Engineer: 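A single structure is presented below for examination.
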Amino acid sequence: MAKPSSANGRTRSHVQIFIVVGMCCFFYILGAWQRSGFGKGDSIALEITKKGADCNVVPNLSFDSHHGGEVSKIDEFESKSKVFEPCDARYIDYTPCQDQRRAMTFPRENMNYRERHCPPEEEKLHCMIPAPKGYVTPFPWPKSHDYVPYANAPYKSLTVEKAIQNWIQYEGNVFRFPGGGTQFPQGADRYIDQLASVIPIKDGTVRTALDTGCGVASWGAYLWSRNVIAMSFAPRDSHEAQVQFALERGVPAVIGVLGTIKLPYPSAAFDMAHCSRCLIPWGANDGMYMMEVDRVLRPGGYWVLSGPPINWKINYKAWQRPKEDLEEEQRKIEETAKLLCWEKKSENSEIAIWQKTLDTESCRSRQEESSVKFCESTDANDVWYKKMEVCVTPSPKVSGDYKPFPERLYAIPPRIASGSVPGVSVETYQEDNKKWKKHVNAYKKINRLLDTGRYRNIMDMNAGLGSFAAAIQSSKLWVMNVVPTIAEKSTLGVIYERGLIGIYHDWCEGFSTYPRTYDLIHSDSLFSLYKDKCDTEDILLEMDRILRPEGAVIIRDEVDVLIKVKKLVEGMRWNTKMVDHEDGPLVPEKILIAVKQYWVANATSTQ
């Protein structure tokens, strides 16, 4: 067989397969192609042509006048698509809003330089980020829990820096993750067992967790088997690629830091927050960082702090730090915890666990008596690029209990039961669930790999109430539910109450992740939402950056919007097909499905 060229990523015979079989079998062929690995698609696809394939899986798109008059006159092939060139190989791991060179121009105080600093319009790249030479599809879950191909993240520094802490080991052509960490050299499982002796992890009460300063996210990886999903974050710093390793392992993570701006999560969202020697100065700035954790922690939630200064009297010699400094640090933490109405449930060895009170009214009374400063913002979820303050965020007034997971997934979320989300009633919530179960069933007929574990890391770019993620819920995958900052309704709190995770984001900017970190990207009405807000081309290039080679895309939108999108992505090495809404061709909403071609960096990349 001819060797695939890096310019087009495939041999000529692959093109012939598509011509022979026809685009109606688009995902059927690519399903075999993706399953089989690089260069093995030819024989499988040709075998399909011999046996015959179900060519009704992807019906043709109708352009009759019932689409609205104008659409029928559009010839989508009347002009050639713009061709996007590959970026230079030096941009292989480019993160637009956490660019290392740009970061060094910002103040270091309170980690400001590690926060999001996006490029101005004139500095944006308008090329496609290449994969490194030798890039391969990540191992399927659960093997990816422990192994990452070296070629996908070729950075060995952590194997040296963290050698004695059992974070990561380099073996042949793979990295192995033994499950160790700075605070759990004997393994994350044993460490989590210690936490579970205090925190109700087993019964589904604790479902969502926030890991601050996560390293390679072994804590989150090992929580997964206990049906707990962790949102992990760490800065892009001298510990190169720690978040990239997490995502290559199939563990939810973003690039982030507790610095000067609020975390991009809603108030009262997480069941548990965790810091394992995360180097965050919790006692500094009058307890501001603990107050931000308090904002995102739901009433009854738990905060775990392991490492300095906990139990300093016993550990100060091993930490090689003055006991006076450690004593003062712990005093400030205890003082702030009391102010926030957190009750210490346990302090054992180097681990302390607090629980946020469920009695928010009596807590508020005590805080008022202590002249605590309350945050003045009327919307505790208005956090995008908002400065952190030394103030306490009042807990939202909601009705209803948090059900244990998985019952929580379809129970009425407390924010909806209490009418806290304008325009969303119990009835509209239930209708939304029904609608997305129907949509996902249709997706599974289009792309038969959705249930196979082929797609582990999934993103929903405009998540609404999280009903897509709920409908596709499986132990084989997780969904990053993104609520755009310009969305009409702020629904991310509802998503967390369902036992799902997500983040606020503005799609006019780069997402806080490394390239090639998602297997499947779903978009519902996103391009209509951002019409006239920013360039469609920029959003699509960002999707291409974060999508893995041979990753899939499902875009649902109005047909006139999708025609524009389809034309652009045909110049981005995506194989595409537009199909009708599952209710038939009379519905103006259509679905664009795509698969990103496999290609890697080469000497001809010029931008």
Side-chain angles (χ1 to χ4, degrees), residues 93-119 155 157-158 161-162 167 181-183 209-220 230-247 251-266 269-270 273-297 303-308 333 383-390 480 482 485 501-506 509-514 517:
D93 288 324
Y94 179 62
T95 51
C97 297
Q98 288 91 6
D99 179 66
Q100 295 287 63
R101 289 170 297 178
R102 188 180 302 107
M104 302 312 289
T105 66
F106 288 87
R108 298 200 171 206
E109 184 180 5
N110 291 332
M111 297 293 283
N112 176 274
Y113 74 122
R114 295 297 185 197
E115 294 182 309
R116 287 176 58 86
H117 300 290
C118 301
Y155 304 105
S157 60
L158 283 177
E161 291 178 36
K162 303 294 181 181
W167 275 32
T182 309
Q183 278 302 119
L210 179 68
D211 194 9
T212 56
C214 65
V216 294
S218 287
W219 187 70
M231 169 68 82
S232 302
F233 73 80
R236 180 164 189 174
D237 58 14
S238 57
H239 291 163
E240 184 65 56
Q242 51 188 334
V243 166
Q244 190 174 18
F245 280 131
L247 287 155
V251 181
V254 293
I255 303 171
V257 66
L258 262 176
T260 67
I261 61 174
K262 295 181 179 181
L263 295 172
Y265 312 114
F270 293 95
H274 173 257
C275 161
S276 170
R277 204 177 281 223
C278 61
L279 304 181
I280 294 171
W282 296 110
N285 298 322
D286 297 317
M288 182 172 71
Y289 298 138
M290 289 179 67
M291 291 175 182
E292 179 62 1
V293 169
D294 181 72
R295 181 186 69 80
V296 301
L297 197 63
W303 185 53
V304 179
L305 177 60
S306 63
I333 289 171
V383 297
W384 189 246
Y385 286 125
K386 295 295 191 297
K387 289 287 184 182
M388 240 185 281
E389 300 176 82
V390 181
M480 180 67 75
V482 182
T485 55
I501 59 167
I503 193 168
Y504 292 115
H505 182 66
D506 181 359
E509 301 179 356
F511 193 74
S512 293
T513 191
Y514 284 81
T517 44

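Keep in mind that what you see is a predicted model, and the values were worked out from it rather than measured.
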Engineer: Evaluate the side-chain proximity of R116 to I255: yes if any heavy-atom separation is below 4.5 Å, no if none is.
Structural biologist: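 Not in contact.
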
Engineer: Name the orientation class of the two ring planes belonging to F106 and H117 (parallel below 30°, tilted from 30 to 60°, perpendicular beyond 60°).
Structural biologist: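 F106 and H117: parallel rings.
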
Engineer: Using atom types as modelled and distance alone, determine if a side-chain donor or acceptor of Y289 lies under 3.5 Å from a backbone N or O of G259.
Structural biologist: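 Side chain of Y289 to backbone of G259, a donor-acceptor pair under 3.5 Å: yes, one is there.
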
Engineer: Are any non-hydrogen side-chain atoms of V383 and L263 less than 4.5 angstrom apart?
Structural biologist: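 Not in contact.
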
Engineer: Give a yes-or-no answer on whether the side chains of Q98 and S512 include a donor-acceptor pair shorter than 3.5 Å.
Structural biologist: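 Note: Q98 and S512 side chains meet the donor-acceptor criterion.
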
Engineer: What distance do R277 atom CZ and L305 atom CG have between them, rounded to the nearest 0.5 Å?
Structural biologist: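 That separation rounds to 11.0 Å.
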
Engineer: Is the closest side-chain heavy-atom distance between W384 and H505 below 4.5 Å?
Structural biologist: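 Yes, at least one pair of side-chain atoms sits under 4.5 Å.
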
Engineer: Would you compute the distance between atom OG1 of T485 and atom OH of Y504 and round it to the nearest 0.5 angstrom?
Structural biologist: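 Here the rounded value is 10.5 Å.
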
Engineer: Is there side-chain contact between F233 and D211, with heavy atoms separated by less than 4.5 Å?
Structural biologist: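 They are not in contact (no side-chain heavy atoms under 4.5 Å apart), so the answer is no.
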
Engineer: Does M111 reach the side chain of T260, with side-chain heavy atoms less than 4.5 Å apart?
Structural biologist: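 The answer is no, as the side chains (C-beta and beyond) never meet within the 4.5 Å cut-off.
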
Engineer: Holding to salt bridge (Lys or Arg N to Asp or Glu O under 4.0 Å), I want the full list of residues that pass it with E389, two or more places apart in sequence or in another chain.
Structural biologist: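 For E389 there are no salt bridge (Lys or Arg N to Asp or Glu O under 4.0 Å) partners, ignoring immediate neighbours.
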
Engineer: Do R236 and V243 have side chains that get closer than 4.5 Å, going by heavy atoms?
Structural biologist: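 R236 does not reach V243 side chain to side chain.
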
Engineer: Side-chain contact, heavy-atom cut-off 4.5 Å: F245 with V251?
Structural biologist: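 Not touching, per the 4.5 Å side-chain cut-off.
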
